[in-house]
Amino acid sequence: MNKKILLIVLLALVFIISTFIFLDRNSTKDHTLTIGCISIFSGEIATYGKETKQGIALALDEINNSNILQGKELAVQYEDSQFDAKMGVQAINKLILVDKVPIILGAFSSRVTLAIAPIAEKYETVLMSASATADSIKNSGDYIFRIVPPNKVQGEVAAFFARENLKAKKAAVYYVNDEYGQGLSKEFTNIFTMNGGKVLFSEGFSLGQKDFRTTLQKIKKLEVDILYFPGQAIEIGLILKQSKEIGLNTIFVGADGSYSPDLIKIASDAASGAYFTLMSMGFGVSDDMIKQFNDSFKKKYNEEPTVYAAYAYDAMKIIGQVISKNNFDAKDIKKGLYDLEEYIGVTGLTKFDQHGEVDKNYYVYEIKDNKFILSNKQF
Amino acid sequence: MSQIFVNTLISASFFIVIGLALSLIYRAVKFFDMSLAGIFVAGPYCMLFFYNSLCIPLFFALIFSCLLSSIIYYVIYFAIYKRFEHNAHSPLSLLLASFGIYIILQNVISIIFGDRIMTIRNIHIQEGILLGGAMLTPIQLIAILYSIIFVFIVLIIMHKTKYGLCLRTIGENFPLAQSLGVSVKKTIVITYLTVGIFVSLLGIIYAYDVDIVPTMGMNIIMMGIIVMIIGGNGIMKIIIAGIILSLAINLGAWYIGSEWKEVIAFAILLFYLLMQPRASHKAVN
C-alpha cells in the first residue's frame, strides 16, 4: 500500500515538474536574449550582489529601451555563488548546461571566478567579471574577460601611496589568507620594499575570523607607520574596531574588498581616517556619463551608487553593445569583445588586450564622516 | 605577555561557560547537543528584536531575550529530542538530529534577519581599560565576570541543591536514578531552561564584543565540545581545560599566526584523544 502511494506521489511530482519545464520553455519568448550573472546574493556579504544587481538592472533598462537590439529584449538569469567556490561551480553548470547562456557576467569574487573559469573555458562560454581582481585570472583562458585591473596594479598603488603620500617607512601587512589577499600583500610588499620601505610583519588571517587582538598586539609593539590589510568588509571592520580598543594607533590602508557599508557599520568611528584602494571611475574621461549614471541610479533606487554598481553597469552596457553587433553566440561575443574599440563608460576607458584584461587604475578613498570619500591625497 | 594572559582569560571565559553548559546537558540527555549553537545565536537576535527594533529598555530586553531563547531551547527538547528518547534512539541519532536543528535554527534566523552582520551595540568604540599593561574593553571584563559568576552558580547548584543531586545521579547512572525515584523529566526541563538562559546571555555578551551573524554559533560550540571532552564530567576539570585550550590558542596566535587558532584547538583534541584512549571511547559513547 505504502509503495503504491509512494509511486503515485513520485509520478505526480514528475508530471508537475515536466509541466513547469514545458510551460517555462514555451513562455520564453523568441525575442528574449538571456545572459547569466553569478554574484553574491545571500550570506554575510550579500550587499555586493545587491549592488551588482542594481547596476545591471539599470543598464538593462537603458539597453532594452534604446532598441539597439532591434526589437529583441535582453534578460539576465541571476545565480547565487554565496561567496563559495562550490556554489559558484553549481551556478555556472546550471547557466551553461540548463539555461544555455552564451555569456555570464561574474563572478563577483576572485575565489569564485578562479573556480568557475575552467568550466567556462571548457564549454566555450564567455565569462566577464566586473570585480574579480586576482592576478591569476589573467591566464584563465580565451573566454575569460574582466573590466577591472588586476591586484598587481592595486598593490602597486597602495604601496606607492604609502611611501610617497603617507611617507611611511615601516609597514605591517595583515591579509585575508586567500588568492585575493595573498596576491595583494605580495605585490604591496615588493613595491614597498623596492622603494625603500620595510615590511616588519606579514601574516594572514582566516575568512570568518572574529578575534584579531593577539595579532594586533604584536603589530602594536612594532610601532609601524602603516598597516596594510587587504580583506573583506566584516573582518576588516572588526580589525579596525579591535585596533581602536587595544590602542593601535597607526595609518590603515586597505583594498577594494572592504568597500562596503558593513565595514562602517561594524567599525563606526574606528574606521575614520582609514584609506582604501578602489577601482577607478572615469573621472576626467567620462564625467558627463558619471553624472548621468549617478542621477539615474538615485532616481531608480533612491540611494547613491557604489563603485561595484558602476562596474556592473559598465559590464552590462559593454555586453549589450557587443551583442547588438554580433550573433548571440559565445564565439561571436568573444570575438566582439576582443575587437571592441575603446569603450567609454562610467568606469573610464575599456579596451581588452589579448588576455581579456583592461588597462585601468585604482584610486584611494578615505573614510570620513562614515562615508568612503575620494581622497585628496591622490597618488 | 600580560596581554596574552588577558586574551586567554577572555576566550577562556566563553569556552568554559559553553563547556559547562554542554556538560550539564550531556549529564541530562547523554549526547552532545549541537543545537546549543543555535541558542547561542538566538539570544543576540532576540536582543536585536527587543532592544534595537522594539526599543524596549536594556534590562527588560535582556530578560525577554534570555527567556525566549530558553523557551525555544526547551521546545526543541520537548518537540524533538523527547520523541527520540521514546523510540530509544542512539546518542549518534540524537547528535545528528541536534545538528539538523542547529541548521534549521540558523536558517530561520537568516531568513528573518538576513545573513548580513548585525550590531546590537549603540555605544562608541573606545580604547580599552589598561590593566597591568594589558588592554581590556568593558564588555570583555563583563564576559570574564560572567563566566566566574556562572561557574559559582553551577558549583552551588550541583553540590548544594536537590536538583544538582538529581542531575548528578542521572549523569552517573540513568536507570538507577529512575529506579530510585529521581524525577528525571523535571530535572531535564530545569536543565534545558537554565542552560538556555545562560547560553543566550553569553551569546548577547559575545555579540556586544564582535557583532552577530547567523553562523557565529558553531565555532564556539566546537570549542566548548573540545573543552568538555578534555575536561570530562568534573567542573574544575572543564575550567582547567578551558584555560589550557585558550592559552594554547592565544600563544599560537602570538608565536605562529592567528589563522592557526582552530588548527591548534583540534590538534590539542586529537593529541588528548590519542594519549587518552579511554577518553575517546567515553566521548563516542
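Below, each value reflects all heavy atoms present in this structure, side chains not excepted, and no hydrogens, waters or symmetry copies. Every chain is numbered from 1 and lettered A, B, ... according to where its sequence line falls, protein lines coming before strand lines.
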Rounded to the nearest 0.5 Å, what separates atom CD in B:E127 from atom OG in A:S243? 11.0 Å

Inspect the surroundings of NZ in A:K50 and state if more than 12 heavy atoms from other residues, nucleotides or ligands are less than 6.0 Å away. no

Does atom CH2 of B:W254 have more than 12 heavy-atom neighbours, drawn from other residues, nucleotides or ligands, at distances under 6.0 Å? yes

For atom CZ of B:F99, decide whether the heavy atoms of other residues, nucleotides or ligands shown that lie under 6.0 angstrom number more than 12. no

Are the side chain of A:K241 and the backbone of B:D209 linked by a donor-acceptor contact shorter than 3.5 Å? yes

Answer yes or no: are there more than 12 heavy-atom neighbours, outside A:K186 itself, under 6.0 Å from its atom NZ? no

Is there a donor-acceptor contact under 3.5 Å from the side chain of A:K244 to the main chain of B:G128? no

Can you check whether B:I4's main-chain N or O pairs, donor with acceptor, with A:Q217's side chain at less than 3.5 Å? no

Reference residue B:S258; test side-chain contact (heavy atoms from CB on, under 4.5 Å); the match among A:N177, A:L216, A:T215: A:T215

To the closest 0.5 Å, what do you measure between CD1 (A:I246) and CG (B:L136)? 12.5 Å

Do B:Q3 and A:T214 get their side chains close enough for a donor-acceptor pair, meaning under 3.5 Å? no

Report which part of B:S110 has an atom under 4.5 Å of a heavy atom belonging to chain A: side chain, backbone, both, or neither. neither

Is the count of non-hydrogen atoms from other residues, nucleotides or ligands lying under 6.0 Å from A:K86 atom NZ greater than 12? no

If you count heavy atoms of other groups shown closer than 6.0 angstrom to CZ of B:F5, is the number above 12? no

By a 4.5 Å heavy-atom criterion (distance strictly below it), what part of B:Q140 contacts chain A: side chain, backbone, both, or neither? side chain

Is it the case that atom CD in A:E223 sees more than 12 heavy atoms from other parts of the structure closer than 6.0 Å? no

Is it the side chain or the backbone of B:I256 that comes within 4.5 Å of chain A heavy atoms, both, or neither? backbone

Among A:L263, A:T47, A:I266, whose side-chain contact (heavy atoms from CB on, under 4.5 Å) with B:I117 holds? A:I266

Which of A:K220, A:Q242, A:E245, A:R213 passes side-chain contact (heavy atoms from CB on, under 4.5 Å) with B:M135? Answer is A:K220

Taking side chain as everything from C-beta outward and backbone as N, CA, C, O, which of these in B:V213 sits under 4.5 Å from a heavy atom of chain A? Side chain, backbone, both or neither. side chain

Chain A heavy atoms under 4.5 Å from B:D211: which part of the residue, side chain, backbone, both or neither? side chain

Heavy atoms of A:A267 and B:I125 approach each other most closely as O-CD1, 2.9 Å

Taking all non-hydrogen atoms of both residues, which atom of B:E259 and which atom of A:S206 are closest, and how far apart? CB-OG, 3.3 Å

So, A:K218 side chain and B:A253 main chain: donor-acceptor pair closer than 3.5 Å or not? yes

